[in-house]
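Atom set for the values below is all heavy atoms of this structure, side chains included, hydrogens, waters and symmetry mates excluded.
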Amino acid sequence: MQYRIRNNNNDTPPANPGTGESWERNTLRDVLLEAYKEQRRARFWRNLWRALWVLVFLAIAANSCSSSQSAPGSQLVNISEEHTAVISLTGAIGDEYEDQTAMLRDSLEAAYKNSKVKGIIIRANSPGGSPVVSNTAFNEIRRLKNEYKNRNIPLYVVAEDVCASGCYYIAAAADKIYADPSSMVGSIGVIGGGFDLTGLMDKLGVKRRLKTAGSNKGMGDPFSPETPEQTRIWEQMLADIHQEFIKAVKLGRGNRLKEKENPDIFSGRIYTGNEAKAAGLIDGYGSIYSVSRDVIKAPKLIDYTPEDSLSQLFGRHLRAGISAGLEAAGSKIW
């Protein structure tokens, strides 16, 4: 018979040095090693992103400093060959990252100051947009044409796929307008709209609680009924803006417009290039290549369109993606 003698001073059996303690030590070492590696990875990516943002900031700051010291296209002043300056007007007017009015003004000034520029083409491809930005750009173009009239440099607009509404507003300031027979041109009108959801609210049993100081302060609210007075106000506002548009087109196009033969020319309808030529909205057919070659007689094209800092650093397409991401993030925040 065997007896097990119990040690009253220590209830835990003695550990085997070759098994228990070694396993615990190895496990602890592995855990600490993985934690250390994870910290190193996190530190590496954190420092990398910090370095990238510093580079972006420095590039933007450097570009801003250089832009404040020189106008767009000033790096092209020393070109020894005669050429046609091209300025791109694209996207919705007043709805871009860039200020189209400032862009047009600075680009035109740079082109007018270059002695090798024999003509200027605004390459237009826009559905229109803000009447305020359009009117401001129209007036700035006319001012610069008058300021540099001694240079005798023709300024043309070449419409590509579409030059409508606010885009045509701006184009009317040019000496001549060219387009493709299939281009969409015109749309000399003003639009404003919204939704009336009061009927839906009645069906859902929802009541609107809108507090205003002033009977027309809530005008345009889709959850409140529109009064006859508010309808009249909207119509008058649109009519006033429309008249400013018509006045600018008549000022720019003059007697080239065939208004009598086309009584709907200011109705807001859009014309094809063929129809626009018959109505006097454009002067002829052409592209930037044919106009620079056959009209200006300077076929070499130089782009005077400035780019913002992010475009110069990453390229226009990547900048668009970054801007879209920032807008999405902003909409989530707000």
Side-chain angles (χ1 to χ4, degrees), residues 64 67 71-72 86-110 120-145 155 157-174 177 179 183-195 219-220 233-234 236-253 266 268-270 281 303-311 316-317 319-328 330-331 334:
S64 299
S67 297
V86 178
I87 304 169
S88 295
L89 177 63
T90 60
I93 306 300
D95 193 31
E96 289 287 316
Y97 178 81
E98 302 91 349
D99 181 345
Q100 286 104 335
T101 301
M103 181 274 292
L104 288 170
R105 181 193 63 210
D106 296 342
S107 301
L108 286 170
E109 283 186 337
I120 303 172
I121 293 177
I122 296 178
R123 184 179 195 171
N125 195 1
S126 168
S130 166
V132 175
V133 175
S134 301
N135 184 58
T136 305
F138 174 86
N139 289 325
E140 282 297 296
I141 291 173
R142 287 180 57 84
R143 179 186 67 82
L144 288 169
K145 283 172 55 182
L155 171 60
V157 166
V158 174
E160 295 190 328
D161 289 307
V162 59
C163 180
S165 195
C167 179
Y168 189 81
Y169 199 139
I170 297 173
I177 303 174
S183 298
M184 309 301 287
V185 181
S187 187
I188 304 171
V190 183
I191 188 172
F195 296 93
M219 187 174 68
I233 292 173
W234 277 116
Q236 183 60 48
M237 288 170 56
L238 294 176
D240 286 347
I241 299 172
H242 191 201
Q243 287 303 312
E244 291 297 318
F245 193 171
I246 294 172
K247 183 170 66 175
V249 172
K250 287 185 175 181
L251 180 63
R253 299 297 297 168
F266 298 128
R269 65 154 292 187
I270 199 161
L281 292 173
D303 190 355
Y304 277 66
T305 312
E307 290 185 341
D308 56 81
S309 302
L310 285 178
S311 291
R316 185 175 298 276
H317 294 291
R319 189 268 298 172
I322 293 174
S323 299
L326 292 175
E327 290 178 2
S331 63
W334 296 108

query: CD of E160 to OG of S88: how many Å apart, nearest 0.5 Å?
result: 7.5 Å
message: Which heavy atom of A164 sits nearest to which heavy atom of S187, and what is that distance?
response: CB-CB, 3.9 Å
- request: Kindly say whether I191 contributes a backbone atom to a donor-acceptor pair with the side chain of H242 at under 3.5 angstrom?
  value: no
- prompt: Below 4.5 Å, heavy atoms only, C-beta onward: do L155 and L108 meet side chain to side chain?
  reply: yes
- prompt: Which distance, rounded to the nearest 0.5 Å, do you find between the CG of D161 and the CG of N125?
  reply: 5.0 Å
task: Would you name the heavy atoms of R123 and V86 that are closest together and state the gap between them?
output: CB-CG1, 4.1 Å
Spatial distance of atom CG (N135) from atom CD (E140) [nearest 0.5 Å]: 10.5 Å
Heavy-atom pair of closest approach, residues L281 and G186: CD1-CA, 4.4 Å
query: Which heavy atom of G166 sits nearest a heavy atom of I93, and at what distance?
result: C-CG1, 4.3 Å
statement: What one should report as the nearest heavy-atom pair of S130 and G94 is CB-CA, 4.4 Å
message: So if I apply the side chain to side chain contact (heavy atoms under 4.5 Å, CB included) rule between V157 and each of I122, L89, I170, which one comes out positive?
response: I122
statement: Between the CD1 atom in I121 and the CG atom in D303, the distance rounded to the nearest 0.5 Å is 11.5 Å
message: Test of understanding: with salt bridge (Lys or Arg N to Asp or Glu O under 4.0 Å), list the residues that count as partners of R253, not counting sequence neighbours.
response: D283
query: Under 30°, 30 to 60°, or over 60°: which ring-plane class applies to F245 and Y169, parallel, tilted or perpendicular?
result: parallel
query: Is there side-chain contact between V190 and M237, with at least one heavy-atom pair below 4.5 Å?
result: no
message: Would the distance check show the side chain of Q100 and the main-chain N or O of A92 forming a donor-acceptor pair, the cut-off being under 3.5 Å?
response: yes
message: Ignoring hydrogens, what is the shortest heavy-atom contact between G252 and F138? Give both atom names and the distance.
response: N-CZ, 4.4 Å
Set of residues satisfying side-chain contact (heavy atoms from CB on, under 4.5 Å) with respect to D240, sequence neighbours excluded: Q236
- request: Taking S126 for its side chain and G91 for its backbone only, find out whether a donor-acceptor pair lies under 3.5 Å.
  value: yes
query: Just by distance, do the side chain of S107 and the backbone of Y304 share a donor-acceptor pair under 3.5 Å?
result: yes
statement: Distance col, row L104:CG vs T136:OG1, nearest 0.5 angstrom, shows 11.0 Å
field: Distance, nearest 0.5 Å, that separates CD1 of I246 from CD1 of I241
entry: 12.0 Å
More than 12 heavy atoms of other groups within 6.0 Å of L251 CG: yes
